[in-house]
Colleague: 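Mind having a look at this structure? Questions to follow.
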There are 2 protein chains.
Amino acid sequence: MKEAFKALADPTRRKILDLLKAKDLTAGEIADQFEMSKPSISQHLKILKAANLIEDEKQGQYIYYHLNTTVFQELISWAMSFTKGDDTDA
Amino acid sequence: MKEAFKALADPTRRKILDLLKAKDLTAGEIADQFEMSKPSISQHLKILKAANLIEDEKQGQYIYYHLNTTVFQELISWAMSFTKGDDTDA
DNA sequence: TTATTATTTAGTTAATTACTTAAATACTTA
DNA sequence: TAAGTATTTAAGTAATTAACTAAATAATAA
């Protein structure tokens, strides 16, 4: 989760996650949605992957990225522990 | 939410939230839990407050801090939108 | 009023982060 | 094999962040 919190702090990375919510995309397709160099997006993807928020899958010369929902589930539990009626530890 | 994501990226700030989950505390009581200067903790409290994750209340010479759960609720909704079963199109 | 306690604000510095361009790697196609 | 496309890695830099100490503000108590 530690890595995820840091990964989620950046608006570009949150937008990447939003894009992947709609459908799986290649690194290039993701980069096309931003006015930013491809290496920069590649770095962001690397950080999201290290945080287990996304996974990649190579298909020929392309690398497809897709969401990994497990950390989002953990995040839900974590946030719920701060709302009334839930005593669960972080 | 933008501010909240950045606020949550720091482990010291997440620990402050954990402490406030148990009970309301003064700035000094919070600072006592860390091996860090009081001004540093004060800055973290300021950031958490700007993110609407906590609120303060002055009582005499003390300032009590307590959780504000509204942004946590928003965070839950946000994270749920990434998990299966919350398909907005369904 | 003066001193004490609680806390924040200001100013500075070191570490981290988010970009950039250039080069490297990997796959595909002619 | 050589050229082209997709993507990452490397190296460098500017902006941001998180810490510190010192000073300021505010309330309390002597």
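Treat the numbers as computed from the prediction; the structure is a model and nothing was measured. To find a chain, count down the sequence lines: A is the first, B the second, and so on, and within it residues start at 1.
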Colleague: Hey, could you give me the CE/CD distance between A:M80 and B:Q73, rounded to the nearest 0.5 Å?
Modeller: 9.5 Å

Colleague: Quick one: how far along DNA chain D does chain A reach, first to last nucleotide 5' to 3', anything under 4.0 Å to a heavy atom?
Modeller: D:dT5 to D:dT9

Colleague: Look up atom OG1 in A:T26 and atom NZ in A:K58, then write down how far apart they are to the nearest 0.5 Å.
Modeller: 12.5 Å

Colleague: I need the residues from residues 34-59 of chain A with at least one non-hydrogen atom less than 4.0 Å from DNA chain C; give them sorted by number, or say none.
Modeller: A:M36, A:S37, A:P39, A:S40, A:H44, A:K58

Colleague: With a 4.5 Å limit on heavy-atom distance, are the side chains of B:F5 and B:L75 in contact?
Modeller: yes

Colleague: Roughly how far, to the nearest 0.5 Å, is the CD1 atom of A:I76 from the OG atom of A:S81?
Modeller: 12.5 Å

Colleague: Counting only pairs under 3.5 Å, give me each side-chain donor-acceptor contact of residues 42-52 of chain B, with atom names and distances, residues two or more places apart or in other chains.
Modeller:
residue	atom	partner	partner atom	Å
B:H44	ND1	B:R13	NH1	3.1
B:K49	NZ	B:D56	OD1	3.4
B:K49	NZ	B:D56	OD2	2.9

Colleague: May I have the step-by-step check of salt bridge (Lys or Arg N to Asp or Glu O under 4.0 Å) for A:K15 and A:D18, ending in yes or no?
Modeller: CA-CA 5 Å; A:K15 189 177 167 192; A:D18 275 334; over 6 Å; no

Colleague: Would you please classify the geometry between the A:F72 ring and the B:W78 ring as parallel, tilted or perpendicular, with 30° and 60° separating the classes?
Modeller: tilted

Colleague: If you measure from OH on B:Y64 to CD1 on B:I30, what distance do you get to the nearest 0.5 Å?
Modeller: 10.5 Å

Colleague: Are side-chain heavy atoms of A:E55 and A:E57 found at a separation under 4.5 Å?
Modeller: no

Colleague: Pick the closest DNA chain C nucleotide for A:Q61 and for B:Y65 by heavy atoms, then say which residue is nearer the 5' end.
Modeller: B:Y65

Colleague: Near DNA chain C, under 4.0 Å by heavy atom, which residues of residues 3-29 of chain A?
Modeller: A:K6, A:D10, A:T12, A:R13

Colleague: Just jot down the side-chain contact (heavy atoms from CB on, under 4.5 Å) partners of B:K38, sequence neighbours excluded, or say none.
Modeller: B:A31, B:D32

Colleague: So where does chain B start and stop touching DNA chain C, 5' to 3', when the test is distance under 4.0 Å to a non-hydrogen atom?
Modeller: C:dT5 to C:dT9

Colleague: Contact between B:L17 and B:L8 at the side-chain level, heavy atoms closer than 4.5 Å - yes or no?
Modeller: yes

Colleague: Using side-chain heavy atoms (C-beta onward) and a distance below 4.5 Å, is B:T83 in contact with A:L67?
Modeller: no

